[in-house]
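What you see below is based on every heavy atom in this structure, not just the backbone, and it leaves out hydrogens, waters and symmetry mates.
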Amino acid sequence: MIAFVSGPVAALAPDTAVVEVGGIGMAVQCTPGTLAGLRVGQQARLATSLVVREDSLTLYGFADDDERQTFELLQTASGVGPRLAQAMLAVHSPDALRRAFASGDEKALTAVPGIGKKGAQKLLLELKDRLGKPVGPAAVPAPAAAGWRDQLQAALVGLGYAAREADEAVEAVAPRAEAVLADGGQPQVGQLLRAALQTLNRAR
């Protein structure tokens, strides 16, 4: 198994990073949150999980080993494949998922695209004791509330969008971020990046 890849980032796409390893470009499927931390030309180290199918080999990449382990544990539930597991990590951090399963938080799971009420109930039963207990504090304070704008803008520019396009996309998703802040939460840059990319794709 390929446990990790390390090297300069050769290219970025909305769901993929290409990392140059020994002169070979390795295409790695990543969540928006992981992609947001990468920049073309800079060094990166991604924990990886290789998914083997009859007709394909797909390498999934993660910011750290905890994300990779959670990705693999999620797939031990019936009906959860790599894409759904990755979608869960795009919406929630590993510790947030552990808290959701430990507390039976059905609402947190239905926030993931592709998981309905019945699916959430089934996953809670199957995975309750598999992910383990949360390892971090109940609430990890994010950087300054307004920091999401800078992070999102930098992530979009890193993906190859012009500064003007990035600014427009940031403004398009600003109401969503401000609604989260109004409820006392912290905007998740990974989720905002996905929404911003959708607005940019519609504009093209």
request  = Check Arg39 against Ala36 and note the closest heavy-atom contact, atom names and distance.
outcome  = NH1-O, 2.8 Å
request  = Using the salt bridge (Lys or Arg N to Asp or Glu O under 4.0 Å) rule, collect all pairs that involve residues 59-68, keeping only residues at least two apart or in two chains.
outcome  = Asp65-Arg68, Asp66-Arg98
query = Any chance CZ of Arg130 has more than 12 other-residue heavy atoms, nucleotides or ligands included, within less than 6.0 Å?
reply = yes
note = Nearest heavy-atom approach of Thr16 to Ala27 is CG2-CB, 4.1 Å
ask   = Closest approach of Leu38 and Ala17, non-hydrogen atoms and distance?
value = CD1-CB, 3.7 Å
ask   = If two hydrophobic side chains count as joined below 4.5 Å and joins carry through other members, does Leu50 share a cluster with Leu74?
value = no
query = Transitive ILVMFWY cluster of Val18 at side-chain heavy atoms under 4.5 Å: who else is in it?
reply = none
ask   = Do Leu193 and Val91 share a hydrophobic cluster (ILVMFWY, side-chain heavy atoms under 4.5 Å, transitive)?
value = no
ask   = Excluding sequence neighbours, so at least two apart, what forms side chain to side chain contact (heavy atoms under 4.5 Å, CB included) with Glu178?
value = Arg149, Ala174
message = For Ala100, give me all partners under side chain to side chain contact (heavy atoms under 4.5 Å, CB included), at least two apart in sequence or on another chain.
response = Asp105, Ala108
message = Tell me the closest heavy-atom pair linking Val112 and His92, and the distance in Å.
response = CG2-CD2, 4.0 Å
message = By the salt bridge (Lys or Arg N to Asp or Glu O under 4.0 Å) test, which pairs, at least two apart or in different chains, include something from residues 42-60?
response = none
ring-ring contact (aromatic ring centres under 6.0 Å, His included) partners of residues 98-118, not counting sequence neighbours, each pair once = none
ask   = Honestly curious: do Met26 and Val51 fall in one hydrophobic cluster under the side-chain, below-4.5 Å linking rule?
value = no
query = Would you say Arg83's side chain and Val80's backbone share a donor-acceptor pair under 3.5 angstrom?
reply = no
ask   = To the nearest 0.5 Å, how far apart are CD1 in Ile115 and CG in Leu84?
value = 4.5 Å
query = Does Pro82 offer a backbone N or O that forms a donor-acceptor pair with the side chain of Gln29 under 3.5 Å?
reply = no
ask   = Is there a path of hydrophobic side-chain contacts, each under 4.5 Å between heavy atoms of I, L, V, M, F, W or Y residues, that connects Val28 with Val21?
value = yes
request  = Mind running side chain to side chain contact (heavy atoms under 4.5 Å, CB included) on Thr31 and Gln86 for me, showing each step along the way?
outcome  = CA-CA 7 Å; Thr31 64; Gln86 190 179 50; 3.6 Å; yes
inquiry  = Lys117: which residues meet the side chain to side chain contact (heavy atoms under 4.5 Å, CB included) condition with it, sequence neighbours left out?
reply    = Glu106, Gln121
inquiry  = As an exercise, state the distance from CG of Leu127 to CD of Gln75, rounded to the nearest 0.5 Å.
reply    = 11.0 Å
message = Through direct or indirect side-chain contacts below 4.5 angstrom among Ile, Leu, Val, Met, Phe, Trp and Tyr, which residues connect to Leu125?
response = none
note = Looking only at heavy atoms, the pair that brings Pro94 and Thr70 closest together is CB-OG1, 3.4 Å
key: Of all pairs that satisfy salt bridge (Lys or Arg N to Asp or Glu O under 4.0 Å), the ones with a partner from residues 4-15, not counting sequence neighbours   = none
key: Under 3.5 Å: donor-acceptor pair, side chain of Glu126, backbone of Ser78   = yes
message = Just checking Gln69: does its CD atom have more than 12 heavy atoms from other residues, nucleotides or ligands closer to it than 6.0 angstrom?
response = no
Other ILVMFWY residues reachable from Phe4 by side-chain steps of under 4.5 Å = none
ask   = Quick one: do Val40 and Leu152 end up in the same hydrophobic cluster if we chain Ile, Leu, Val, Met, Phe, Trp and Tyr together by side-chain heavy atoms under 4.5 Å apart?
value = yes
request  = Using atom types as modelled and distance alone, determine if a side-chain donor or acceptor of Thr48 lies under 3.5 Å from a backbone N or O of Ile2.
outcome  = yes
ask   = To the nearest 0.5 Å, what is the distance between CG (Leu46) and CG (Leu59)?
value = 9.0 Å
Any Leu109 side-chain heavy atom under 4.5 Å of Leu97 side chain = yes
inquiry  = Using the ring-ring contact (aromatic ring centres under 6.0 Å, His included) criterion, which residues pair with Phe71? Sequence neighbours excluded.
reply    = Tyr60, Phe62
With sequence neighbours excluded, residues passing side-chain hydrogen bond (donor to acceptor under 3.5 Å, both in side chains) with Ser6 = none
note = Smallest heavy-atom separation, Ala63 atom then Thr34 atom, equals N-OG1, 3.8 Å
